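Structure first, then comments.
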Amino acid sequence: MPGGERTGRRFVSRGYSLPAMSVISHDVRSGNKPDRNLALELVRVTESAALAASRWVGKGDKEAADQAAVDAMRLLLDTVPMDGVVVIGEGEKDEAPMLYNGENIGDGSPPVVDIAVDPLEGTTLTARGFGGALAVIALAERGTMFDPGPCVYMEKMAAAPQYADLLDLDAPIGEVIAGIAERKGGDPEDVTLTVLERPRHEEKAAEILEAGACIRFITDGDVQGALLAVSEGTGIDLLWGIGGTPEGVLAAAAIKCLGGEQIARLWPRNDEERQAAIDAGYDLDRILTSSDLVSGEDVFFAATGVTDGGLLDGVRRSRRGFLTTESLITRSRSGTVRTIGARHDRAKLKEVTGGRYG
């Protein structure tokens with residue numbers, strides 16, 4: 001796989017020469033006891049990041065919110081029994097002192113895994129007190145996460161399992177909408193898309209509205225947008241948009257666990273980035289599936305709400321001195337999806353963390 005390149009705020013690592021390694025420590029088929037579910041341990045990591053970031057909700061300082069989440073996530077990750085390498089993280093070592101590209105994470109014991117993190121997806125959402133901010137992490141077998149090289153963005157489309165075969169980045173968006181409407185047994189006006197509100201999407205948004213569908217615009221957070229599209233009961237049928245490649249890999253990890261599909265295609269921002277991708281050996285016409293973006297068979301994903309959103313509740317403070325969190329944790333091998341609510345004693349958290357989360 002081509003070498004890693006800078007991708008804006010987040011980075012992806014170089015491809016590995018090691019073969020993909022399974023995170024299964026027991027052979028379930030032989031009747032042995034199943035191995036542990038790492039997602040159950042990762043939820044403590046995302047809870048920690050969400051609690052730390054929540055202190056900055058509505059305070060207008062997205063950098064401080066992000067740094068708080070990074071610090072808290074990094075602290076907890078070293079307690080997880082694993083030999084991990086950050087593949088998608090906060091930056092290169094000389095610019096990001098924690099969770100940087102290539103950093104070793106965990107206590108060094110098996111399993112051997114790749115790690116993708118977004119300690120705070122939605123820094124602006126958090127700073128402005130808007131809904132939909134998440135703390136997110138994904139794990140997969142070593143060498144199984146896609147390296148998007150110099151491409152910061154990709155065009156994406158995601159939907160639930162019943163619409164997966166209808167996804168097509170080359171077809172007119174109206175045809176995709178019509179197919180979903182027919183399968184729903186309704187009309188295009190019964191189809192709702194989530195789309196990042198960006199100038200680059202104005203033309204496609206006009207096509208969507210002309211086709212008769214509805215748009216629920218989001219200002220940030222296309223990992224959550226993808227999750228809303230593949231999950232039941234959210235009111236979202238389809239995600240479309242040009243968003244970050246790291247977020248695309250994180251969403252693919254979640255979709256491998258939740259079900260549904262995401263397809264994507266690298267989207268160079270300019271001629272220089274396009275040529276860099278071609279020189280690195282990337283096929284810019286290739287349609288990537290979730291399994292292309294995360295090819296592992298044992299994928300773990302965890303997310304905790306920072307601010308209230310359509311997927312998860314955010315961190316809340318009670319009058320009795322408690323903090324509450326809501327998290328989603330999933331595993332692809334078992335297909336298990338859990339939503340976990342937790343109550344945290346604010347005074348005790350302050351004591352054990354030096355005031356970091358209170």
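In this text, all values refer to a predicted model and were calculated from it rather than measured experimentally. Position 1 is the first residue of the sequence; numbering continues from there.
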Shortest non-hydrogen contact from [X] toward [Y]:
X    : Y    : answer
E47  : S327 : CG-OG, 3.8 Å
A159 : L238 : CB-CD1, 4.1 Å
I255 : Q262 : CD1-CB, 3.6 Å
L76  : S48  : CD2-OG, 3.5 Å
P268 : C151 : CG-SG, 4.4 Å
P119 : A49  : O-CB, 3.9 Å

Any heavy-atom pair between the side chains of [Y] and [X] that's under 4.5 Å?
X    : Y    : answer
M98  : M73  : no
K156 : I242 : no
T330 : F300 : no

Do [X] and [Y] form a cation-pi contact, if we require the NZ or CZ to be under 6.0 Å from the six-membered ring centre and within 45 degrees of the ring's axis?
X    : Y    : value
R200 : Y153 : yes
K204 : W240 : yes
R343 : F322 : yes

Under a plain distance cut-off of 3.5 Å, with no hydrogens placed, do [Y] and [X] share a side-chain donor-acceptor pair?
X    : Y    : value
T325 : H344 : yes
Q275 : D271 : no
E197 : T219 : no

- Item | By ring-ring contact (aromatic ring centres under 6.0 Å, His included) - contacts of W56 (at least two apart) |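 Per chain and number, W56 pairs via ring-ring contact (aromatic ring centres under 6.0 Å, His included) with no residue.
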- Item | For L196, the rest of its hydrophobic cluster, which grows through side-chain links under 4.5 angstrom |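 The other cluster members (ILVMFWY side chains, heavy atoms under 4.5 Å, direct or chained) are I218.
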- Share the residues that join I340 in a hydrophobic cluster, the rule being Ile, Leu, Val, Met, Phe, Trp or Tyr side chains under 4.5 Å apart at the heavy-atom level.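 For the cluster that includes I340, the remaining residues are L40, V43, I329.
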When you measure from the side chain of [X] to the backbone N and O of [Y], does any donor-acceptor pair fall under 3.5 Å?
X    : Y    : answer
K256 : V294 : yes
D279 : A276 : no
T307 : F130 : yes
D187 : E189 : no
K59  : R128 : no
D114 : G143 : yes
E175 : A171 : no
T144 : A140 : no
Q224 : G221 : no
D308 : G314 : yes

- Going hydrophobic residue to hydrophobic residue with side-chain gaps under 4.5 angstrom, can you get from I236 over to V230?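 I236 and V230: one cluster.
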Counting heavy atoms not belonging to [X], are there more than 12 under 6.0 Å from its [atom1]?
X    : atom1 : result
E210 : CD    : no
E207 : CD    : yes
R265 : CZ    : yes

- Salt-bridge present (R198, D220; N to O < 4.0 Å):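 A salt bridge is present here (some side-chain N lies under 4.0 Å from a carboxylate O).
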- Item | Short N-O contact, D78 and R74, less than 4.0 angstrom |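 Judged by the 4.0 Å cut-off on N to carboxylate O distance, D78 and R74 do form a salt bridge.
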- Query: Which residue, I208, I177, V191, T192, forms the side-chain contact (heavy atoms from CB on, under 4.5 Å) with C214?
  - Reply: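 Looking at I208, I177, V191, T192, the match for C214 under the side-chain contact (heavy atoms from CB on, under 4.5 Å) is T192.
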- Identified side-chain contact (heavy atoms from CB on, under 4.5 Å) partner of I180 from the options D237, L193, D190: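 Checked D237, L193, D190 against I180; only one passes side-chain contact (heavy atoms from CB on, under 4.5 Å): D237.
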- Yes or no on salt bridge (charged side-chain N to carboxylate O under 4.0 Å, His left out) for R183 and D165, after CA distance, side-chain angles and deciding distance? CA-CA 11 Å; R183 196 157 292 180; D165 62 307; 2.6 Å; yes
